[in-house]
Amino acid sequence: MPSFGLLAEKQKDRVYVFGEEGFIFTSPYVLTPATSRNYITILITIDSNGFLIGETGQMKSVRAAIVGCQVSRSLAAVDVKLVSINITPAHPLFAPLAAVTRDAIHELSPAVHREYDADLEELFVGSLPSARIQSLFHSIVGNAAGCLGIRCKPPCYREDLVALLQENPALTLGELADELKVSYATASRTFMRTFGLPLRSYQFSARLHRCLNMIADAKRLTDLAHDAGFADSAHFTRAWQTAFGMPPSYLTNKTQCDMRGF
């Protein structure tokens, strides 16, 4: 059985990409075995049916859940209106969310999304106005953080680290330590505390998410793989499949998937 797209004739999958901070994926059909992702995922169903999530053999029916970064889970959402809100390490709330959701799948209260159900319905069918889509993404991520008791603000120096990484995406820990005028070990701890994962993991995730943005801009996959620094398109496709659970070509197949960037 395919993991995605089986009900595309009934309702296309949709992807909405928000710069480097995350993306939303909607689908009436997702069936994946034990997998883990390099981002934090909020899963919501906006109809009366729940979806099954958990470890293989220990699946639970829920209507909303948050899955921590690199947490293994199986997912069965068949003929339901599934909305998957994905938060990348570049998002300011990634690190505090990662600290709370590490090594676990948390069921969420429907209060996380209840006030936005009408917008989520429109998002699912592709009719929500562009001006409201990005706001919806940030509102639900903020609500999920609140439900999990997260009130802290990102560290004041986070923006300085983001600026350094934008200026030099291949920044090493040694170079970061020099910039911060601290030891190598302190630079490593500071980065981990600020972003919720090590520098190299952050850079790899950011690299793939830049590719997602380039796909949204209709860039050819062969050019995209080269520009992103992959040895060849086969290497890029393997890395992408591991990170996102589907081949990059799936997102460019207009009969199955609609994709928009913001």
Side-chain angles (χ1 to χ4, degrees), residues 17-23 35-41 66-72 86-104 138 141 145 148 150-217 219 221-245 248 261:
V17 185
F18 308 105
E20 295 191 0
E21 292 191 347
F23 64 97
T35 56
S36 59
R37 303 285 184 249
N38 289 322
Y39 38 82
I40 296 167
T41 301
I66 185 166
V67 185
C69 180
Q70 284 296 319
V71 172
S72 178
N86 302 276
I87 307 149
T88 69
H91 193 288
L93 285 173
F94 180 90
L97 281 169
V100 172
T101 60
R102 185 170 287 119
D103 301 326
H138 289 297
V141 172
L148 293 169
I150 295 170
R151 298 288 184 268
C152 62
K153 294 182 179 179
C156 59
Y157 48 79
R158 183 183 184 279
E159 291 186 4
D160 295 333
L161 295 180
V162 170
L164 286 173
L165 288 163
Q166 288 175 339
E167 182 180 338
N168 180 10
L171 187 75
T172 66
L173 266 178
E175 292 169 337
L176 178 62
D178 290 342
E179 288 282 352
L180 298 178
K181 297 180 173 52
V182 296
S183 69
Y184 184 96
T186 298
S188 178
R189 287 195 300 270
T190 297
F191 194 92
M192 184 73 182
R193 184 171 61 249
T194 305
F195 293 100
L197 73 176
L199 174 60
R200 287 186 67 112
S201 298
Y202 178 97
Q203 288 169 322
F204 186 71
S205 175
R207 189 175 167 199
L208 282 172
H209 198 72
R210 282 194 294 273
C211 292
L212 183 62
N213 279 279
M214 286 189 274
I215 290 177
D217 292 336
K219 193 157 190 175
L221 295 183
T222 51
D223 295 336
L224 186 154
H226 179 267
D227 290 350
F230 288 92
D232 51 44
S233 57
H235 179 206
F236 164 66
T237 297
R238 286 194 300 272
W240 182 280
Q241 179 83 40
T242 299
F244 295 106

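Counting from 1, the numbers follow the sequence of the chain as shown. In what follows, every heavy atom counts, from backbone to side chain, and hydrogens, waters and symmetry copies are set aside. Just so it is clear, the structure is predicted and the values come from calculations on it, not from any experiment.
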*Taking side-chain contact (heavy atoms from CB on, under 4.5 Å) as the test, write out the residues that go with Q203, two or more places apart.*
L165, L171, L199, R200
*Quick one: list whatever passes side-chain contact (heavy atoms from CB on, under 4.5 Å) with A185, sequence neighbours left out.*
S183, R189
_Under 3.5 Å donor-acceptor, T237 side chain and S233 backbone_ = yes
_Heavy-atom pair with the smallest gap, counting every atom of C211 and W240_ = CB-CZ3, 3.7 Å
_For F94, ring-ring contact (aromatic ring centres under 6.0 Å, His included) partners two or more places apart_ = none
*Are any side-chain N or O atoms of N168 and backbone N or O atoms of L164, one a donor and one an acceptor, separated by less than 3.5 Å?*
no
*Residues in ring-ring contact (aromatic ring centres under 6.0 Å, His included) contact with H226, at least two apart in sequence or another chain*: none
_Test log, rule side chain to side chain contact (heavy atoms under 4.5 Å, CB included), inputs L97 and L148_ = CA-CA 8 Å; L97 281 169; L148 293 169; 3.9 Å; yes
_side-chain contact (heavy atoms from CB on, under 4.5 Å) involving A234 - partner list, sequence neighbours excluded_ = D232, R238
*Where does the angle between the aromatic ring planes of H138 and F18 fall among parallel (under 30°), tilted (30 to 60°) and perpendicular (over 60°)?*
tilted
*Hey, does the side chain of N213 reach the backbone of G19 with a donor-acceptor pair shorter than 3.5 angstrom?*
yes
_Looking at every non-hydrogen atom in both residues, tell me the closest pair between P92 and E21 and how far apart they are._
CD-OE2, 3.6 Å
*Using atom types as modelled and distance alone, determine if a side-chain donor or acceptor of T88 lies under 3.5 Å from a backbone N or O of E20.*
yes
*Separation of N38 CG from N86 CG (nearest 0.5 Å)*: 11.5 Å
*Any idea which heavy atoms bring F204 and A239 closest together, and the distance?*
CZ-CB, 3.9 Å
_For T242, give me all partners under side-chain contact (heavy atoms from CB on, under 4.5 Å), at least two apart in sequence or on another chain._
none
_Between CZ on residue R37 and CD1 on residue I87, distance to nearest 0.5 Å_ = 15.0 Å
